[in-house]
Amino acid sequence: MNYINNKACIIIFLFFHTALFSQPVLETGGKAMPCVWIDKDTRHKIIRLSDSARTNLSFYFHNNPFIENKMVYYSTSKKKPSDINVAKQKTYSTISKDKQLYYVDLATKQTAPITRQPNAMSGEIAGRQSHNVYYQINDSVFITNIDTRETKLIYVFPANYKGSITTLNADETLLAGSKASDKQKKIYKKNPQKKDYFNLIYDAKQPNDLFTIDIKTKQLTIIHTENTWLGHVQFSPTDPDLLMFCHEGPWHKVDRIWTINVRTKKTALMHKRTMDMEIAGHEFFSPDGKKIYFDLQMPKGKTFFLAGVDIASGEEKKYSLTRDEWSVHYNISPDQKLFAGDGGDSGQVAKAKDGQWIYLFRPEGDHFVSEKLVNMKHHHYRLEPNVHFSPDGKWIIFRANFEGTENVYAVEISKHAD
């Protein structure tokens with residue numbers, strides 16, 4: 001097996017991990033960092049997980065990247081230093097023939113390639129049971145097993161139906177995704193910046209489908225169609241029949257968060273706006289699949305909450321945050337006792353004066369008590385950090401460009417003892 005041994009970092013990690021030696025205490029970013037250091041402002045340990053000789057991006061916050069103790073991510077040959085003026089960066093907007101899926105073993109910090117595809121690929125889907133990753137190249141869907149590297153073509157979209165897969169159900173029998181009209185795709189192609197396409201696509205009211213693909217039978221089934229922009233398609237982590245999706249567009253104009261039973265086709269609205277300029281979004285399932293959490297602002301840019309709705313009862317609970325604590329994305333720990341956020345800069349909706357931090361949140365009554373884990377003042381938020389808790393709940397994993405290129409990092413939740 002052809003491992004990429006970031007040998008120096010692995011040796012340094014093991015050296016420091018013995019606890020016989022102290023890590024350097026440094027300001028995070030603004031320069032090249034060692035493989036392991038203590039953030040001087042927060043006193044939390046940070047480890048670079050990815051190979052700094054490449055450009056690396058971890059998954060979007062609601063896409064599971066973990067297969068046992070391995071974390072899947074995208075890695076691309078380094079072309080040039082990051083351009084801080086380019087549009088918001090996501091794994092699917094990075095077009096390169098050398099963009100491949102990798103994993104990092106969270107115990108050893110060893111990285112290895114999973115795929116060696118000659119063409120540009122997309123998809124952030126990791127199967128916990130099968131140990132397969134699922135991805136798409138043009139009209140073709142592939143799987144690769146992370147243990148054996150065996151790769152199979154499992155589906156080809158019909159010539160007249162070009163959809164995109166985004167999620168895998170809990171028993172790993174179905175893939176799901178969405179399909180937009182050709183007119184909607186042309187609007188996006190002509191207006192690639194979000195500030196340009198966002199309202200145009202919303203106002204166009206083009207037909208969008210939700211579909212499933214049966215992995216065994218190869219049957220594509222259209223389960224829902226609306227004359228509106230659909231997105232953020234994600235299966236429940238526990239109920240194989242429950243799919244969440246959103247009505248995309250300006251958040252203050254849409255009732256955004258919906259579910260659909262893929263068997264019965266029954267849809268349900270998860271949160272209805274109750275005031276002018278209220279916004280709700282960046283929704284995600286709880287690990288047990290019983291709740292959906294989301295960013296809630298009542299109204300937009302004024303009062304901030306992370307809210308959760310019980311899927312069965314519809315009952316909601318809100319946790320308030322300060323303006324500086326607002327985060328682009330949030331996530332929840334495996335034991336569902338803690339939350340994390342990736343902060344935000346002054347140009348985003350909260351207009352935070354001091355919001356560039358990776359946060360840990362502890363619920364206390366109707367609000368969060370926050371702890372700052374990483375100072376992100378040298379990070380440019382065109383790359384959203386997208387926090388994930390590690391499977392053991394001891395680390396928060398995120399992506400950042402504070403060294404000048406994109407890499408994947410982990411910060412320890414326990415504070416470093418002085």
Side-chain angles (χ1 to χ4, degrees), residues 27-33 39 41-42 44 46 48-50 52 55-63 65 73-74 76 80-94 124 192-198 232 248 250-251 279 281-284 294-297 300-302 304 306 321-331 339-361 368 370-388 396-411:
E27 180 173 295
T28 294
K31 57 186 179 301
M33 302 300 295
D39 186 302
D41 298 304
T42 69
H44 285 269
I46 302 168
R48 185 172 61 246
L49 295 176
S50 54
S52 61
T55 294
N56 304 285
L57 293 174
S58 51
F59 282 9
Y60 193 58
F61 78 105
H62 66 52
N63 294 333
Y73 65 100
Y74 272 102
T76 307
K80 60 181 181 179
S82 298
D83 179 356
I84 66 172
N85 297 314
V86 301
K88 182 168 71 172
Q89 186 174 2
K90 301 178 182 179
T91 59
Y92 57 76
S93 63
T94 303
E124 298 183 358
Q193 301 293 326
K194 184 176 181 179
K195 64 181 178 62
D196 299 322
Y197 72 73
F198 205 63
H232 281 248
E248 289 276 24
W251 288 12
I279 64 173
H282 283 167
E283 54 283 347
F284 61 99
F294 52 95
D295 174 15
L296 176 63
Q297 300 176 37
K300 176 183 176 181
K302 299 294 184 183
F304 306 92
L306 182 69
L321 305 100
T322 69
R323 182 176 298 277
D324 284 344
E325 291 168 343
W326 173 85
S327 295
V328 183
H329 304 106
Y330 302 90
N331 223 320
F339 294 84
D342 53 11
D345 64 24
S346 60
Q348 291 167 313
V349 64
K351 309 298 182 187
K353 293 181 179 179
D354 183 26
Q356 292 189 223
W357 302 88
I358 299 296
Y359 285 105
L360 181 72
F361 297 117
F368 280 154
S370 68
E371 181 180 357
K372 295 172 178 175
L373 302 184
V374 183
N375 189 332
M376 299 287 279
K377 71 179 182 180
H378 293 294
H379 173 76
H380 300 285
Y381 272 79
R382 67 166 183 87
L383 176 69
E384 296 167 347
N386 283 282
V387 287
H388 294 267
I396 292 172
I397 296 168
F398 62 100
R399 58 198 191 189
N401 53 29
F402 48 57
E403 293 189 71
T405 55
E406 295 79 12
N407 271 294
V408 183
Y409 302 86
V411 58

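- Taking CD1 of Ile358 as the reference point, atom CD1 of Ile46 lies at 9.0 Å (rounded to 0.5 Å).
- The main-chain N or O of Phe61 is found under 3.5 Å from a side-chain atom of Asn386 such that the two form a donor-acceptor pair.
- Rounded to the nearest 0.5 angstrom, Asn407 CG and Asn56 CG are separated by 5.0 Å.
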**OP:** Verify side-chain hydrogen bond (donor to acceptor under 3.5 Å, both in side chains) between Asp39 and Thr28, making sure each step is shown before the conclusion.
**Re:** CA-CA 6 Å; Asp39 186 302; Thr28 294; 2.8 Å; yes
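- A side-chain donor-acceptor contact under 3.5 Å links Arg48 to the backbone of Met33.
- Side chains of Glu283 and His62: a donor-acceptor N/O pair is absent below 3.5 angstrom, by distance only.
- Across Trp326, Trp251, Phe294, a single residue satisfies ring-ring contact (aromatic ring centres under 6.0 Å, His included) together with His282, and that is Trp251.
- In this structure, Glu325 and Ser370 approach most closely via the heavy-atom pair OE2-OG, 2.7 Å.
- Counting all heavy atoms, side chain and backbone alike, Val387 lies closest to Asn331 at O-ND2, 2.9 Å.
- The shortest distance between side-chain heavy atoms of Pro385 and Met376 falls below 4.5 Å.
- From Thr76, atom OG1 reaches atom CG of Leu57 across 7.0 Å, with rounding to the nearest 0.5 Å.
- No side-chain heavy atom of Glu371 sits under 4.5 Å from any side-chain heavy atom of Tyr359.
- Note: Leu49 CG to Ser58 OG = 9.0 Å, rounded to the nearest 0.5 Å.
- Looking at every heavy atom in both residues, Ile397 comes nearest to Ala410 through CG1-CB, 4.0 Å.
- In this pair, Tyr60 and His232 present their aromatic rings perpendicular. The plane angle is above 60°, beyond the 30 to 60° band.
- When every heavy atom of Arg323 is checked against every heavy atom of Gly301, the shortest pair comes out as NH1-O, 2.9 Å.
- Under a 3.5 Å cut-off, the side chain of Arg399 and the backbone N or O of Val408 do not form any donor-acceptor pair.
- Checking His378 against Gln356 by side-chain atom types alone, no donor-acceptor pair falls below 3.5 Å.
- Residues His44 and Val374 have side chains not in contact (no heavy-atom distance under 4.5 Å, counting atoms from C-beta outward).
- Counting only distance, with no hydrogens or angles, the side chain of Asn401 and the backbone of His380 share a donor-acceptor pair below 3.5 Å.
- Taking the six-membered ring for Trp and thresholds of 30 and 60 degrees, Tyr409 and Phe402 have ring planes inclined between 30 and 60 degrees apart.
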Original post:
Can you check side-chain contact (heavy atoms from CB on, under 4.5 Å) on Ile396 and His388, steps first, answer last?
Top reply: CA-CA 6 Å; Ile396 292 172; His388 294 267; over 6 Å; no
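- Here the straight-line distance linking atom CG of Asp342 with atom CG of Leu383 works out to 10.0 Å at 0.5 Å rounding.
- Inter-residue side-chain proximity for Phe398 and His329 is flagged as unmet; no heavy-atom pair is nearer than 4.5 Å.
- Between Phe368 and Phe361, the ring planes are parallel. Angles under 30° get that label, and only those over 60° would be called perpendicular.
- The closest donor-acceptor contact from the side chain of Asp324 to the backbone of Ala352 lies at 3.5 Å or more, if one exists at all.
- Remark: Gln297 pairs with Asp295 by the side-chain hydrogen bond (donor to acceptor under 3.5 Å, both in side chains) rule, at least two apart or across chains.
- Across every non-hydrogen atom of Thr42 and Asn375, the tightest pair is CG2-N, 4.2 Å.
- No donor-acceptor distance shorter than 3.5 angstrom exists from the side chain of Glu403 to the backbone of Gly29, with no hydrogens or angles considered.
- Here the CD-OG distance, from Glu406 to Ser52, works out to 12.5 Å after rounding to the nearest 0.5 Å.
- With a 6.0 Å radius and a threshold of 12 heavy atoms from other residues, nucleotides or ligands, Lys31 has its NZ atom above the threshold.
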**OP:** Applying salt bridge (Lys or Arg N to Asp or Glu O under 4.0 Å), run through Lys372 and Asp354 and close with a yes or a no.
**Re:** CA-CA 11 Å; Lys372 295 172 178 175; Asp354 183 26; 3.5 Å; yes
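- Proximity of Tyr73 to Ser50: side-chain heavy atoms (C-beta onward) are separated by under 4.5 Å at one or more points.
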Subject >> Trp357 and His379: CA distance, side-chain angles, deciding distance, ring pair (Phe, Tyr, Trp, His ring centres under 6.0 Å) verdict >> reply: CA-CA 9 Å; Trp357 302 88; His379 173 76; over 10 Å; no
